[in-house]
A.B. asks: 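There's a structure below that I have some questions on.
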Amino acid sequence: MTDSAGGAPLVRADVPYHDWEPECVAPLRPALGDEVTLSVRTAARSGWLIVEHHGELTRHRLEPVEGGLSARVAMHASPLRYVFRLPGGYLGSHGLEPLEPRYDRFFHLLAQPTSPDWAVGAVVYQIFPDRFRRGSSEPPPESGAWDFDGRPIVAKTWGEPPEPRQGGREIYGGDLWGVVDALDELQDLGVEALYLTPIFRADSSHRYDTVDYLQVDPHLGGDEAFEALLAGLHQRGMRLILDGVFNHTGHRHPDFLAALADPEAPQREMFTFGPGGRYAMFGTASTLPKIDYGSPLARERFLEGDQAPVRVWMRRGVDGWRLDVAHQIGEGGTARGNDALLRTIHRVSRDENPEAYVFGELSFDTVPTLRAHTLDGSMHYAGFAHPLMAWLAGRDVHDVATTASAEATWRTLWDHYAALPLNVRHSMLTLLSSHDQPRALWRLRGDVERLKLAYGVLLTFPGVPSIYYGDEIALDQANGYDCFRGDPLCRGTFPWDEAAWDHAMRDHVRTLVRLRRSRPALRRGGLTPLPAPEGVLAYRRRYQGDEVWVFAAPETTYLELPACTDLLSGRAIEGGHELTGLGVFDVRTPGYTEPTPEEGSS
């Protein structure tokens, strides 16, 4: 990134800007066939809007408006693809270019249905129920109470490290009653929605091996605990997102047992069998037989029928789905028909709950799937977690050493952000840790200051930031820092003795969450780069005149800033400023007025 320490202006006033905010797209969520006004913030007074229309390019004259140029066009397709032709070049998704870019670098705008407003920029907290908190007065299961994958389960003491050899056989006894007990703590942190890994009846502690999709696992407290949790969340204005495991069932699911027992059974077509009784499965896990959605019966049972789990849990009040291995859901033991199936899950969820937020585990390049108008968003591994953590940790997700610079990290973050449909940019689930990845603190080799910086970026970047349980108190993993491993070591128990907490880390996260919820620019604002000294990641967030600049500096650096307010200390700043760690600065444009609390936290 360019050096800003020499006193030159950080942001040129004539850089054109277009993102998903009311100043640029009106209405923000156009329906197919509606007219939509597309505006670019620019000093230019003439130009053209170029729209792809059934394979041809059509030109629409841009008319001067206050602060820029605009044109009104029909939303004839979803996505609508367009680029602005300005005197200085072509403004597409990735910025200003001297020559007309490929369609891939046009802006992409989706028609309705798109992400619900409550989810845009909301703060999510992910919980692995067996490891979060015990709340029930009932004793947890004993070792050997049942088998998983041919071997007995193992009862574990709370706080004892997970054992990789045992994996899903280890049961710690966390339950939904424990989550209910923690709701005040989570509300104080500023959490707006909970995402729970699977809660339906299964044999393992991870519960991705579903036995009954319509029953909450009795060892988690059953339906009574679920109803209490849902009521407690909604009373606090919080939401509940469940993990939808619709790529595969468990090997003891009744439909799979029927299919396995009788080649002539109607359930046989719901799974993909090969010679010798072999069957398609998730990866190499024989406990997870893959569902074949080439079967009408499978579609009815799991997705579309009146008693399909996608429908039932929406009717019961759930606010969203996270779709496990969403990119693999398909027909014939493959991902064939994936886009159509994801649209089906989204449509059925919205039929039952028009405000449902449905996102997927798209572990790699999310752009082709999301441009196909499938889901509201996805887990942002490739475009956020992986590049950011590789930069801060010095090792990538494959445990290979990297010397990626701040500039290279920004290029990857920006490339993924810019390529997304505008409506999806703010509903991607951004994250640092998860139940499938090593904890952020562990990857940072116990460096809490770097963890604070990582969470500073997470909570000031566009998207739906997800806090993995325990990260906010600096929870680490039990394995040594030279033994790269996530699952199951990233699934340790939450220590409820507050003497074990890093309270400064929790206060840092709480402050950033509250800041995000109070500032429209941080919650739902557009994103543009900022020049910065070498080694510093910097970006600008803006929304209808509210403007915030963010600098992430792992090492001490010097900035030259305009008149602004340090939002972490409250101090007024102008000119030279020394920074180590996170800097978040209020740089308001003329005429901006402070939002009401309701506007800021919507």
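We use all heavy atoms of the structure for the numbers below, so side chains are in, but hydrogens, waters and symmetry mates are not. A quick note: this is a predicted structure, and the numbers were derived from the prediction, not measured.
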A.B. asks: Check whether any side-chain N or O of Asp396 sits under 3.5 Å from a backbone N or O of Ala390 as a donor-acceptor pair, and report yes or no.
C.D. replies: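 No.
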
A.B. asks: Please confirm whether the ring centroid of Trp321 lies under 6.0 Å from the ring centroid of Phe359.
C.D. replies: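 No; Phe359 has its ring centre 6.0 Å or more from that of Trp321.
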
A.B. asks: For Tyr468, is there any backbone N or O sitting under 3.5 Å from a side-chain donor or acceptor partner on Ser433?
C.D. replies: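 It does not hold such a pair.
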
A.B. asks: Has Glu160 got more than 12 heavy atoms of other residues, nucleotides or ligands less than 6.0 Å from its CD?
C.D. replies: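 Enclosed.
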
A.B. asks: Quick test of your reading of the model: are Asp476 and Arg443 salt-bridged, counting only N-O distances below 4.0 Å?
C.D. replies: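 The answer is no: the pair does not qualify as a salt bridge.
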
A.B. asks: Any Lys/Arg nitrogen of Arg491 or Asp130 sitting under 4.0 Å from an Asp/Glu carboxylate oxygen of the other?
C.D. replies: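 Looking at Arg491 and Asp130, the cut-off is not met.
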
A.B. asks: Tell me whether Arg506 forms a cation-pi arrangement with Trp501, defined as NZ or CZ under 6.0 Å from the six-membered ring centre and within 45 degrees of its axis.
C.D. replies: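 That pair does not qualify as a cation-pi contact.
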
A.B. asks: Could you check, using the six-membered ring where one of them is a Trp, whether Tyr455 and His508 have ring centers closer than 6.0 angstrom?
C.D. replies: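 Not close enough - the centres of the two rings lie 6.0 Å or further apart.
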
A.B. asks: For the pair Trp158 (side chain) and Thr493 (backbone), establish whether a donor and an acceptor sit closer than 3.5 Å, ignoring hydrogens and angles.
C.D. replies: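 Flag not set: sc Trp158 to bb Thr493 has no pair under 3.5 Å.
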
A.B. asks: Taking His503 for the side chain and Glu498 for the main chain, is one N or O donor matched with an acceptor at less than 3.5 Å?
C.D. replies: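 It does hold such a pair.
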
A.B. asks: Decide side-chain hydrogen bond (donor to acceptor under 3.5 Å, both in side chains) for Thr412 and Asp415; before the verdict, give the C-alpha distance in whole Å, the side-chain angles of both, and the deciding distance to 0.1 Å.
C.D. replies: CA-CA 5 Å; Thr412 300; Asp415 180 52; over 6 Å; no

A.B. asks: Quick check with a 6.0 Å cut-off and a 45 degree axis cone: is Arg439 positioned over the face of Tyr469's six-membered ring?
C.D. replies: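 Here Arg439 passes the 6.0 Å and 45° test against Tyr469.
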
A.B. asks: Could you go through Asp209 and Ser204, starting from their C-alpha distance and side-chain angles, then the distance that decides it, and tell me whether this counts as side-chain hydrogen bond (donor to acceptor under 3.5 Å, both in side chains)?
C.D. replies: CA-CA 7 Å; Asp209 57 316; Ser204 71; 2.5 Å; yes

A.B. asks: Is a donor from one side chain sitting under 3.5 angstrom from an acceptor on the other, for Tyr543 and Asp19?
C.D. replies: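 The answer is no; no qualifying pair exists.
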
A.B. asks: I want to check something: taking the side chain as every heavy atom from C-beta on, are Ser434 and Tyr381 in contact at a cut-off of under 4.5 Å?
C.D. replies: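 Side chain of Ser434 against side chain of Tyr381, heavy atoms only: contact under 4.5 Å found.
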
A.B. asks: Verify whether one side chain among Tyr172 and Thr157 offers a donor that lies under 3.5 Å from an acceptor in the other.
C.D. replies: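 Side-chain D/A pair, Tyr172 to Thr157: absent.
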
A.B. asks: Measuring from atom CG of Leu176 to atom CZ of Arg133, what distance do you get when rounded to the nearest 0.5 angstrom?
C.D. replies: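 Taking CG in Leu176 and CZ in Arg133, the distance rounds to 13.5 Å.
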
A.B. asks: Can you see which heavy atom on Ser427 is nearest to which on Val464, and at what distance?
C.D. replies: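 Scanning both residues completely, I find the closest heavy atoms to be CA-CG2, 3.6 Å.
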
A.B. asks: Are more than 12 heavy atoms, taken from residues, nucleotides or ligands other than Glu163, located less than 6.0 Å from that residue's CD atom?
C.D. replies: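 Result for CD/Glu163: enclosed.
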
A.B. asks: Is it the case that Gln126 and His435 place a side-chain donor and acceptor less than 3.5 Å from each other?
C.D. replies: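 The answer is yes; a qualifying pair exists.
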
A.B. asks: Taking the side chain as every heavy atom from C-beta outward, state whether Arg207 and Leu196 have any pair of such atoms under 4.5 Å apart.
C.D. replies: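 Side-chain contact under 4.5 Å: no.
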
A.B. asks: Any non-hydrogen side-chain atom of His426 less than 4.5 Å from a side-chain atom of Ser115?
C.D. replies: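 SC-SC contact between His426 and Ser115 ruled out.
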
A.B. asks: Are side-chain heavy atoms of Thr430 and Met379 found at a separation under 4.5 Å?
C.D. replies: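 A side-chain contact is absent here, since even the closest heavy-atom pair is not under 4.5 Å.
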
A.B. asks: Between Asp243 and Thr197, do the side chains contain a donor N or O and an acceptor N or O under 3.5 Å apart?
C.D. replies: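 The criterion, which ignores hydrogens and geometry beyond distance, is not satisfied for Asp243 and Thr197.
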
A.B. asks: Using atom types as modelled and distance alone, determine if a side-chain donor or acceptor of Glu472 lies under 3.5 Å from a backbone N or O of Gly470.
C.D. replies: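 Checked: pair present.
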
A.B. asks: May I have the step-by-step check of ring pair (Phe, Tyr, Trp, His ring centres under 6.0 Å) for His327 and Phe364, ending in yes or no?
C.D. replies: CA-CA 9 Å; His327 53 281; Phe364 308 103; 5.7 Å; yes

A.B. asks: Run the ring-centre check on Trp391 versus His386 and record whether the distance is less than 6.0 Å.
C.D. replies: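 Ring centres of His386 and Trp391 not closer than 6.0 Å.
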
A.B. asks: Taking the side chain as C-beta and beyond, is there a heavy-atom pair between Trp496 and Arg134 under 4.5 Å?
C.D. replies: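 No, their side chains stay 4.5 Å or more apart.
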
A.B. asks: May I ask you to say whether Arg322 pairs ionically with Asp324, meaning some side-chain N is under 4.0 Å from a carboxylate O?
C.D. replies: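 Judged by the 4.0 Å cut-off on N to carboxylate O distance, Arg322 and Asp324 do form a salt bridge.
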
A.B. asks: Under 6.0 Å between ring centres, would you say that holds for His398 and Phe484?
C.D. replies: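 Judged by ring-centre distance (under 6.0 Å), His398 and Phe484 do not meet the cut-off.
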
A.B. asks: Whether the Arg541 and Thr528 side chains hold a donor-acceptor pair (N or O, under 3.5 Å, no angle test) is what I'd like checked.
C.D. replies: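 Thr528 and Arg541 do not have a side-chain donor-acceptor pair below 3.5 Å.
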
A.B. asks: Treating Thr287 as the side-chain partner and His251 as the backbone partner, does any N or O pair qualify as donor plus acceptor under 3.5 Å?
C.D. replies: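 No, the answer is negative, given that no donor and acceptor are paired below the 3.5 Å cut-off.
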
A.B. asks: Determine yes or no for a side-chain-to-main-chain donor-acceptor pair under 3.5 angstrom, with Lys156 supplying the side chain and Pro161 the backbone.
C.D. replies: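 Here the side-chain-to-backbone pair exists.
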
A.B. asks: Under 6.0 Å from the six-membered ring centre of Tyr417 and within 45° of its axis: does the NZ or CZ of Arg425 meet both?
C.D. replies: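 Positive - Arg425 is close enough to the ring of Tyr417 and near enough to its axis.
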
A.B. asks: Looking only at the aromatic ring of each residue, does the gap between the centers of Phe282 and Tyr208 stay below 6.0 angstrom?
C.D. replies: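 No, too far apart.
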
A.B. asks: Run the ring-centre check on Tyr125 versus Tyr195 and record whether the distance is less than 6.0 Å.
C.D. replies: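 No; Tyr195 has its ring centre 6.0 Å or more from that of Tyr125.
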
A.B. asks: Verify, without hydrogens or angle tests, whether Arg450 (side chain) and Leu392 (backbone) share a donor-acceptor contact under 3.5 angstrom.
C.D. replies: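 Yes; judged by distance alone, with no hydrogens or angles, the pair exists.
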
A.B. asks: Fit a plane to each ring of Trp549 and Phe551, take the angle between them on a 0 to 90° scale, and name the class: parallel (under 30°), tilted (30 to 60°) or perpendicular (over 60°).
C.D. replies: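 Geometry flag for Phe551 against Trp549: perpendicular rings.
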
A.B. asks: Ring centres under 6.0 Å, that's the criterion: do Trp146 and Phe148 meet it?
C.D. replies: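 Ring-ring flag for Trp146/Phe148: false, centres at least 6.0 Å apart.
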
A.B. asks: Would you indicate whether the side-chain heavy atoms of His577 and Arg571 approach each other to under 4.5 Å?
C.D. replies: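 Side-chain contact under 4.5 Å: yes.
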
A.B. asks: If you compare all heavy atoms of His206 against all heavy atoms of Phe128, which two are closest, and at what distance to 0.1 Å?
C.D. replies: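 Closest approach of His206 to Phe128, heavy atoms only: CA-CZ, 3.6 Å.
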
A.B. asks: Give a yes or no on whether the backbone of Val509 and the side-chain of Lys452 come within a donor-acceptor separation of less than 3.5 Å.
C.D. replies: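 No, Lys452 side chain to Val509 backbone: no donor-acceptor pair under 3.5 Å.
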
A.B. asks: Are Arg239 and Glu192 close enough that some pair of their side-chain heavy atoms sits under 4.5 Å apart?
C.D. replies: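 Arg239 vs Glu192: side chains apart.
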
A.B. asks: Do Arg485 side-chain atoms and Asp487 backbone N/O form a donor-acceptor pair below 3.5 Å?
C.D. replies: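 Answer holds: yes.
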
A.B. asks: Do Leu441 and Asp471 come within less than 4.5 Å of each other through their side chains, counting heavy atoms only?
C.D. replies: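 The answer is no; the side chains never approach within 4.5 Å.
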
